[in-house]
Amino acid sequence: MHRKRKLIEHLIMQLNAIYQTALTAAKRAHSTATDKANVAENKYDTLGLEAAYLAEGQAKRASECRADLEAIQNLTALDYSLNDPIVVGSLVILIDQNEKSLSLFLAPVSGGLKFVFEDQTMVVITPSSPLGKILRGKFVDDEFEFGSAQHKKNYRISDIS
């Protein structure tokens, strides 16, 4: 469990950095939108309007990043045994048909985020993602196919923690 707590703390640091970047971008966009130099000189001058739309989008992005950060901060590092199924908060190791491993962390938010933790690339997936839907409720040594057409792979769940 200590390793998973460290993983969650590492993910929190990653999400905090993303949030800080989004917050800086939102502040910069707001500053541009409210700058006197961007006041429209005629009806065709849309720089100020475009800057306002950008500021609104950046503020929304920063708010979403903050919500993701808070959701992960509230995530509990649960203890698992070999008899426990995959749930939100599980660290899952998959092995494909070529014996290549894939490390996944099933989180409530931030799906698609990749980061390196203890020399291992981790991918965050959510329960609503296609892979997350397949994995929820599965156990160690369960096998499944994932992908479509020529990209379909066979996986075995080698570890859950």
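- With Asn98 contributing its side chain and Lys100 its backbone, the two residues share no donor-acceptor pair below 3.5 Å.
- At a threshold of 4.5 Å between non-hydrogen side-chain atoms, the residues Val87 and Leu106 do not count as touching.
- Evaluation of the ring pair (Phe, Tyr, Trp, His ring centres under 6.0 Å) test over residues 106-128, restricted to residues two or more places apart or in two chains, returns His10-Phe115, His10-Phe117.
- No continuous path of ILVMFWY side-chain contacts below 4.5 Å connects Ile95 to Ile157, so the two sit in separate hydrophobic clusters.
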- request: In sequence, state the C-alpha distance, the side-chain angles, and the governing distance for Gln20 and Leu23, and then conclude on side-chain contact (heavy atoms from CB on, under 4.5 Å).
  value: CA-CA 5 Å; Gln20 292 302 322; Leu23 196 59; 4.2 Å; yes
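- Here the CD-CG distance, from Gln14 to Asn16, works out to 10.0 Å after rounding to the nearest 0.5 Å.
- Contact check for Leu104 versus Leu91: no side-chain heavy atoms found under the 4.5 Å cut-off.
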- prompt: Hey, mind stepping through Leu94 and Arg156 against side-chain contact (heavy atoms from CB on, under 4.5 Å) and telling me if it holds?
  reply: CA-CA 6 Å; Leu94 302 179; Arg156 180 180 55 82; over 6 Å; no
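- Judged purely by atom type and a 3.5 angstrom limit, Lys4 has no side-chain atom pairing as donor or acceptor with the backbone of Ser90.
- To the nearest 0.5 Å, atom CD of residue Gln73 and atom CG of residue Asp68 are 11.0 Å apart.
- Across all their heavy atoms, Ser110 and Leu15 have their closest contact at OG-CD2, 3.3 Å.
- A donor-acceptor contact shorter than 3.5 Å is absent between the side chain of Ser103 and the backbone of Ile93.
- To the nearest 0.5 Å, atom CD1 of residue Ile72 and atom CG of residue Leu69 are 8.5 Å apart.
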message: Between Phe105 and Ile125, does the side-chain contact (heavy atoms from CB on, under 4.5 Å) criterion hold? Intermediate values first, please.
response: CA-CA 6 Å; Phe105 184 65; Ile125 61 170; over 6 Å; no
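- Note that CG of Asn74 and CD of Glu70 are 7.5 Å apart. Values are rounded to the nearest 0.5 Å.
- The stretch residues 53-65 participates, sequence neighbours left out, in no side-chain hydrogen bond (donor to acceptor under 3.5 Å, both in side chains) pair at all.
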message: Assess the residue pair Tyr19 and Arg66 against the criterion (side-chain contact (heavy atoms from CB on, under 4.5 Å)); give the C-alpha distance rounded to whole Å, side-chain angles, the decisive distance to 0.1 Å, and a yes or no.
response: CA-CA 6 Å; Tyr19 170 63; Arg66 178 70 189 162; 3.4 Å; yes
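- Leu113 places a side-chain heavy atom less than 4.5 Å from the side chain of Ile18.
- Remark: side-chain polar atoms of Thr21 are paired, donor with acceptor, to backbone N or O of Ala17 under 3.5 angstrom.
- Rounded to the nearest 0.5 angstrom, Ile86 CD1 and Tyr80 OH are separated by 9.0 Å.
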Residues 127-144 side chain polar contacts: donor-acceptor under 3.5 Å, at least two apart:
from, atom 1, to, atom 2, distance (Å)
Ser128, OG, Thr126, OG1, 3.3
Ser129, OG, Thr126, O, 2.7
Ser129, OG, Gly132, N, 2.9
Asp142, OD2, Phe139, N, 2.8

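- The main-chain N or O of Ser81 is found under 3.5 Å from a side-chain atom of Asp84 such that the two form a donor-acceptor pair.
- Lys153 has its side chain out of reach of Glu145: every pair of non-hydrogen atoms, C-beta onward, lies at least 4.5 Å apart.
- From Arg28, atom CZ reaches atom CG of Leu54 across 10.5 Å, with rounding to the nearest 0.5 Å.
- Within the 4.5 Å cutoff, the side chain of Met122 has heavy atoms near those of the Gln120 side chain.
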